[in-house]
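Presented below is the structure to which this report refers.
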Amino acid sequence: MTTTTTATTTRPTVATVWLDGCSGCHMSLMDLDERLITLAGLVDILHSPVVDPKEFPQSVDVTLVEGAVSSEEDLHKANVIRAHSKFVIALGDCAVTGNVPAMRNYWDRSDLFDRAYVENAQEPPTAEERKVILPLTVVPPLRPLATPLHEVIKVDLYLPGCPPPADAIWFVLTEFLAGRVPNAMSVSRFGK
Amino acid sequence: MKPEELMTMMEKARADTFEHELRVCTESGCMSLQSDVLQKALSDEVKRRGISDKVCVKGVGCMGLCCNGPLVKADKAMYQFVKPEHAPAIVEALATQPIKELLCDTQQPFFTRQKLVVREHFGIVDPENLMDCIAHGAYQALLKTVTTMTPPQVIQEISDSGLRGRGGAGFPTGLKWATVSKAGGTTKYVICNGDEGDPGAFMDRSVMEGDPHRVLEGMAIAAYAVGAENGVIYVRAEYPLAVKRLTKAINLARRHELIGHNIFGTKFSFNVELRLGAGAFVCGEETALIASVEGKRGVPRPRPPYPANYGLFGYPTLINNVETYANIAPIINKGAAWFAQIGTEKSKGTKIFALTGKIKNTGLIEVPMGIALRDIIYDIAGGIPDGKAFKAVQTGGPSGGCIPADLLDITVDYESLAKAGSIMGSGGMIVMDETSNMADVARFFMEFCMTESCGKCIPCRVGTYEMHELLDRICEKRGTPEDLQLLKDLCDMVKQTSLCGLGQSAPNPVLSTLRYFEQEYQNLIAEAQAARGQTTHADTSEHIELEVLP
Amino acid sequence: MSAVTSTTQSITLTIDDKAISCRSGETILQVARENNIDIPTLCYLEGLTVWGGCRLCMVEIAASPKLHAACATECTEGMTVRTTSPRLKQYRKMIVEMLFAERNHVCSVCVSNGHCELQNMATKLEIDHVRFPYRFPHLAVDNSHDYMRLDHNRCILCLRCVRVCGEIEGAHTKDVKGRGVLSAIIHDLDEPWGDSQTCTGCGKCVNVCPTGALTHRGTAVGEMTKKTEFLPYLTLMREVKL
Amino acid sequence: MSTATILSKPPTEDKRWKIIETTMRRNDFQPDALIESLHSVQQTFGFLDVPSMRWVAGALKVPLSKVYGVATFYHFFTLKPQGKHVCVVCMGTACYIKGGKQLLDEVQRHYGIAEGQTTKDGELSLLVARCIGACGLAPTAVVDGQVLGKRSATELLAAVDDTLGRKA
């Protein structure tokens, strides 16, 4: 997808992004079922885990973000999303509250790593091995805390739920397309 | 004790005079500079010279200028920075000229601009010696009250004097007494709140250490006026010397039947016991204090019912602070009219302040209400040391606020200080110079409130934590304009919805520093924004790679 | 009781523009609820002493500059009460948001999901996110009792459990330790619940707990439901006995 | 634990329990004497341990949980034994403004203990006070009950070292 196509389209553009979450919110999006076809007729989905292009477009009308901000990569993505989206929706409890990914916040990162990579290893790694095993160099580093999206960028609408029901996602999108800012709390809640 | 006995005792004590008096400050401040060792050195010296019949060495209450301690009064001369090794010279000098090098100028404004009512016997009487106190008129007011006045007359006298509570809020004392007096039932309590928890304030400690009998006398008069027979003094356990002196004072007064059954042969009986606090600022709040005296967690409860109707063990209870009780005896002795001519129209009498911080003269002062703040800072306290500029003065402790330089001309009374966004409070006055960061000062007070919050109500329990967190972000240059707005919203909510005074006033240091020094907050946030701008990933290239996998 | 009845007077007041009469001694909260006017609460529970800690029931009273807790304020003649306003709504939202930020309320994996007073309150007050920094404390779960569980992560310190344990059951096994945000529910001398010699195992605390802090063991996500109807009945029976 | 251990005798044969018993008797074993009694325990034994709290609870007929609640509500009470020597740094407003924080930081750094902790050898405990009421002498610290006013960090460390060395 290029900026040229973005410029020629007159329909609203939508992107969805998956940060630190279980993808359940995207599953819920899929649960729109036949309404997905209707949706495809109303908007252009420029970027999403379920469509091809891997780059984030220059300009998007609405971006739905699933997941908490856990790694430096998530933070980078969030900043990109904010810079190139007119309207950002935090989709689901992980993006809204931190939810399950934030349950790691009760411990120190090094304790977490020890638990995951050292204590549970079949043979305890040596000091040398530790350096390689611990996810510190190859993958994007974890931030000290996994946080809700609004802790790092401005969020325009919150749609809580774990996951938000397909009906709630539909309601929010259609209200938005009708030019209204929806009241998400009328269709979902924390933990729903 | 019969009325005549008190008079005889007073006359006898007054006749017991010495040619010379050496008075050593033996309050916590000077004691920490070893004034007890100094007192012993002076006594030994006097004994060594065999002039014990001519020279009296005694420990006395605070003389105010703590920063120059230990202070010694040798007849008319006052010595400062005295060390035990100075003892022989000081005793020697009694007969000749005062020692020039040690002299403290008693004609400086620090002394001359004060007006001593509560502290009139400080530096004069030995707080541990009942005879000495009686010689200077202790318990005369109690005698006058119980033998010549009816309880309504006493309350009227206190109301007429215009005395207001010295603990912080400034509630009219007479009105409070009248309410408790009207409450039904035969069992009532009077409580003296000596749980001075404000960091940076030590007026009440000084009064309890320096003239404990005056506090007892004030309580006894109050008990007579409201119809109570039981009194409790609630003192911080962190004030061991005050506890010791009060215990001694109670025992002495009890032994001489100045408190106890049928005082001065009348039907009035009054018993006092001491209860120790254990380190909880919230116990300054009346209902929390009562819970603590009852041996419970010091947690406040909703009012009404007010302690005046439903207080200690469910009985009507009068609670006043130490300084308030210490004002009672002079009012009874010299009359309401005399008291009412000191101060301003709405704030009568004097107020003790603890001057600390970036200021030349630190210590205790007692000034008439209505004195200009500028006079206290520049005249009495001698201004800011090291050539620095004055920035603000913090009054009222964690419940108070900071007053900036351009408001220095306001007068010190309940209304003016409230108008300036602070409170009179119990009397702490902490001066800050240009090097102080006001957001950091606010954070300091918020940390205090956070650790002192009892945890009962959500706005105070979590609100103080969140305000501290936001202040921390701002001070550490991690804050955003949204954080500042959130902080302001929180201040409003915590103030309006908290259960007790601690929570309701916890936002005050933030609000007052925002009111006068918001630019300092803005600068910190701007610095944070600038630092963040450098590391932001907002890429403007045409295609943005979201995937940054290695 | 008769002495109380004889001094009871009838009072008229206005709540949210509705003229209402009640008996003296009744609180604003009681009268409002009797008249189907909803005032949100979390720490209040009929049958327990008034605690006044959650501050959600704060209302405006005409001619008073301060807000008043409806649970702890008795009605007086001619009083004009307003139970909702933009300002009150804003304060209530902030208070509930703060509870979410204070401890770890992860609704999606909580046994009380869908039956939680805190969660319902958030929905009712239209809280779609929490503006305050989360505290993310590391808190324990007391799993030592045979059939009950205390999860400090979900506790909002309303002290209903402490009150029901002391006032109704009379065991006083539970109380609070510490102060401020660090305070927490304890059993006896801060011992594991299962080791408590004073706990009668009556389970009243579980049923009065508004959240998933006190639950029955063996319940999965969303399975834990509570019953509080017993409480007014027990209180009434105690009064009759007196 | 049987009911007898809640109610009857002091936890050990130690004669000092008499002191606490006297405090409680003076207050008629009333529940409102709880704080007074805990003060007495702490003054006698230096801290509040489980057996003493259990005994006080039984003697005053106060629920165990309430005793623990009170003991942990007030800063003055400590449930851990203190070191042989105690250094209290005042962090009241006046001391803070005049550099109390630096004193605290230095002591923490020098002895490797945070506030509220005791050195491994049990020699020194570091505490922080909210205000010791000697603001005129800020910044202040208290070493083994002796108030030290207007001290620099170096002077304070010297004083603490002196105390540890001389009496250890």
Side-chain angles (χ1 to χ4, degrees), chain A residues 21-22 24-25 28 65 68-70 88-109 111-112 143-165 168 172 181-192, chain C residues 40 89 92-93 96-141 151-156 181-182 184 210-212 215 219-225:
Chain A
C22 70
C25 299
S28 204
V65 183
V69 181
S70 283
V88 174
I89 298 177
L91 177 68
D93 277 355
C94 295
V96 174
T97 72
N99 201 26
V100 174
M103 286 169 74
R104 75 158 163 92
N105 294 351
Y106 321 150
W107 295 273
D108 205 48
R109 262 179 310 181
D111 294 342
L112 283 174
R143 308 189 77 224
L145 295 176
T147 59
L149 190 59
H150 66 265
E151 281 274 313
V152 297
I153 59 166
K154 179 170 174 280
V155 171
D156 302 293
L157 188 81
Y158 301 84
L159 178 53
C162 188
V172 165
V181 176
N183 174 7
M185 288 311 280
S186 62
V187 288
S188 192
R189 60 162 166 79
F190 296 137
K192 192 160 187 166
Chain C
K89 191 173 175 198
R92 286 170 186 159
K93 276 181 91 153
V96 174
E97 280 178 53
M98 288 201 303
L99 284 177
F100 277 94
E102 184 187 20
R103 295 195 175 194
N104 308 308
H105 298 278
V106 190
C107 300
S108 60
V109 294
C110 179
V111 292
S112 286
N113 188 6
H115 315 284
C116 169
E117 292 185 38
L118 177 65
Q119 191 183 30
N120 292 344
M121 188 63 72
T123 311
K124 187 157 92 180
L125 296 173
E126 296 181 324
I127 292 169
D128 59 4
H129 76 295
V130 173
R131 286 166 285 180
F132 306 111
Y134 283 88
R135 207 165 68 88
F136 296 125
H138 184 177
L139 300 171
V141 178
D151 181 353
H152 291 287
N153 291 284
R154 312 282 192 257
C155 174
I156 60 169
V181 281
L182 300 178
T211 70
T215 54
T219 44
V221 170
E223 284 184 358
M224 184 68 214
T225 54

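Reminder, nothing fancy here: chain letters follow the sequence lines and each chain counts from 1.
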* Structure fact -> Output for pair (A:R189 CZ, C:N120 CG), nearest 0.5 Å, gives 7.0 Å
* Starting at CE of A:M103, measure out to CG of C:N153 and round the result to the nearest 0.5 Å. => 7.5 Å
* How about A:D93 and C:S108: does a side-chain donor come under 3.5 Å of a side-chain acceptor? -> no
* Structural part of C:E126 lying under 4.5 Å from a heavy atom of chain A -> both
* At a heavy-atom separation under 4.5 Å, does C:I127 approach chain A through its side chain, its backbone, both, or neither? -> both
Given that the side chain runs from C-beta out, which part of [X] has a heavy atom under 4.5 Å from chain C: side chain, backbone, both or neither?
X: A:A90; answer: neither
X: A:P148; answer: side chain
X: A:A146; answer: backbone

* Pairwise side-chain contact, A:V100 with C:V106, heavy-atom cut-off 4.5 Å (strictly under) -> yes
* Asked: Given side chains that start at C-beta, do those of C:F136 and A:L145 come closer than 4.5 Å, heavy atoms only?
  -> yes
* To do: Identify the two heavy atoms, one from A:M185 and one from C:T123, that lie closest to each other, and give their separation to 0.1 Å.
  => CE-CA, 3.9 Å
* Structure fact -> Correct closest heavy-atom pair for A:Y106 and C:H138 would be O-CB, 3.2 Å
* **C:N113 side chain to A:G191 backbone, donor-acceptor under 3.5 Å** => yes
Please name all residues satisfying salt bridge (Lys or Arg N to Asp or Glu O under 4.0 Å) with [X], sequence neighbours left out, ordered by chain then number.
X: A:R104; result: none
X: C:E223; result: none
X: C:R135; result: none

* Asked: Does anything in residues 151-161 of chain A get under 4.5 Å of chain C by heavy atoms, and if so which residues?
  -> A:E151, A:Y158, A:P160
